[in-house]
Amino acid sequence: MGHEGFSVNTVAVSPDGRLVATGADDFQVCVWDSVRGAHRRTLRCFYGRVRAVAFSRDSQRMATAAEDGGVLIFDITNGDEFSNIGWCRGHTKAATGVAFSPDGFSVASSSEDGTARVWAIRGFQTALLEGHPSGATAIAWAEEGSLVATGAARGDPGVQLWDARMGMRLNTFRYHVADVAVLAFGSCTEAVPPSCAHSRPTSPSTSNQAQQKPTEPRCHVLLMSVDVRGLACVWDVWGGGLLHCINHVQGADLTGSKLLWLQARAIQYADMQELLQSSSLGQQDEADNDGVVGQQRRQRVTTALAALYPSGEAVDVMAAGKGLSCVAVVTDKQRLYIFRPMD
């Protein structure tokens, strides 16, 4: 119960896994207890359909983006009493996405007016990101630093990376040709292949350097983008390329190195860290040339976690909690399914 007769546009899970928030065409946001599935609170202070909901990293604040262009920020630390602490006004068309900075003191929003904006939580604008001629459709903030990603309508010009403090565009990933609906940052660590970690130095001087500076694993910043046609892509941000892509997904999310997506009514799972590691090993494996080893690795990386029921429903949106604390799925019948790990 909560959005009877109205389409649900967005769902978000708090990082601590306690709360699930849903925004719908009824101009309302409903907050749910993820453990018991109980309704906690309904927020009705909006003047348009709610397009996006996000929680801060410490799970103490929640932000919403609505079709009237407004971005609202709430303090959610006082039990079921949510207090409005910021109202960000500046978008001239519908706000389509919202994301918190890592420290929780800033939010970024995207809009159909072709801009993305960065705000302090009290409501004043600190940066303007322009460069979406057909409209900005989604936004995400990296787990660390000031890196922000924006998605564009009709894939024009693509998924763009920005420095939120400087308001400067850093890079553009071009692959989508439809509206980018979802963006999410993640990260993983690529272990050093054994052949590299234990390679013998060619001289005593290099041997001393190797002893003083042991080889460290590479840290990768990941970005997931999903468009309305069901194409999900995972990008290696600083590696500069497309790491993985999946077609015909009904929803997807990235949390840490864990990629989740819905396909054929089943929640599928892949660990990008394992995929990166198997890819680096595959480059050294000559047996991988015939495709047999590569196929075995892909089968090992992808795992089906759970299935949806009943079969007469279609999935609208999904979201995962940090560390897979829970997975929330909303269907076209306005049903909210919450999956939690089995003990």
Distance, nearest 0.5 Å, that separates [atom1] of [X] from [atom2] of [Y]:
| X | Y | atom1 | atom2 | result |
| --- | --- | --- | --- | --- |
| D113 | T92 | CG | OG1 | 4.0 Å |
| E112 | K93 | CD | NZ | 7.5 Å |
| R61 | I73 | CZ | CD1 | 8.5 Å |
| D103 | S56 | CG | OG | 10.0 Å |
| D68 | Y47 | CG | OH | 8.5 Å |
| F185 | E143 | CZ | CD | 9.0 Å |

Query - side chain to side chain contact (heavy atoms under 4.5 Å, CB included) evaluation trace for Y175 with L231 - result: CA-CA 10 Å; Y175 199 76; L231 174 63; 3.7 Å; yes
Do you reckon [X] sits in the same ILVMFWY cluster as [Y], going by side-chain contacts under 4.5 Å, direct or chained?
| X | Y | answer |
| --- | --- | --- |
| F74 | V71 | no |
| L170 | L223 | yes |
| L183 | F100 | no |
| L161 | I139 | no |
| V330 | V35 | no |

Does the side chain of [X] come under 3.5 Å of the side chain of [Y] through a donor N or O and an acceptor N or O?
| X | Y | value |
| --- | --- | --- |
| D75 | S83 | no |
| S34 | R340 | yes |
| D271 | Q273 | no |
| T96 | S110 | yes |

Query - D80 and R41 ion-paired at < 4.0 Å - result: no
Query - SB check D16 R18 (cutoff 4.0 Å) - result: yes
How about [X] and [Y]: do any of their side-chain heavy atoms sit closer than 4.5 Å?
| X | Y | value |
| --- | --- | --- |
| L324 | L260 | yes |
| L222 | L259 | no |
| D316 | Q334 | no |
| L147 | W238 | yes |
| S187 | V221 | no |
| V98 | T64 | no |
| V13 | C326 | yes |
| Q125 | C88 | no |

Could you report the tightest heavy-atom contact between [X] and [Y], atom names first, then the distance?
| X | Y | result |
| --- | --- | --- |
| I76 | M62 | CG2-CB, 4.1 Å |
| A320 | T255 | CB-CG2, 4.2 Å |
| F173 | N171 | CE2-ND2, 3.6 Å |
| M272 | V234 | SD-CG1, 3.9 Å |
| R36 | D33 | N-OD1, 3.2 Å |
| V107 | W141 | C-CZ3, 4.1 Å |

Query raised in the report: Checking side chain to side chain contact (heavy atoms under 4.5 Å, CB included) for the pair H132/Q160: CA distance, chi angles, key distance, verdict?
Result: CA-CA 9 Å; H132 314 82; Q160 300 184 82; 3.3 Å; yes
Give a yes or no answer on whether the side chain of [X] reaches the backbone of [Y] with a donor-acceptor pair at less than 3.5 Å.
| X | Y | answer |
| --- | --- | --- |
| S106 | A120 | no |
| R57 | P15 | no |
| S257 | C188 | no |
| D163 | M166 | yes |
| T137 | V180 | yes |

Query raised in the report: Can you tell me if CZ on R229 sees more than 12 non-hydrogen neighbours from other groups inside 6.0 Å?
Result: no
Query raised in the report: Does R154 CZ have over 12 foreign heavy atoms under 6.0 Å away?
Result: no
Query - H91 and W119 aromatic ring geometry - parallel, tilted or perpendicular at 30°/60° bounds - result: perpendicular
Requested in this report: Output, in order, the C-alpha distance, side-chain angles, deciding distance and verdict of side chain to side chain contact (heavy atoms under 4.5 Å, CB included) for V11 and V20.
Outcome: CA-CA 7 Å; V11 61; V20 175; 3.7 Å; yes
Query raised in the report: How far apart are the C-alpha atoms of S111 and R117, what are their side-chain angles, what is the distance that settles it, and do they pass the side chain to side chain contact (heavy atoms under 4.5 Å, CB included) test?
Result: CA-CA 9 Å; S111 172; R117 300 169 189 261; over 6 Å; no
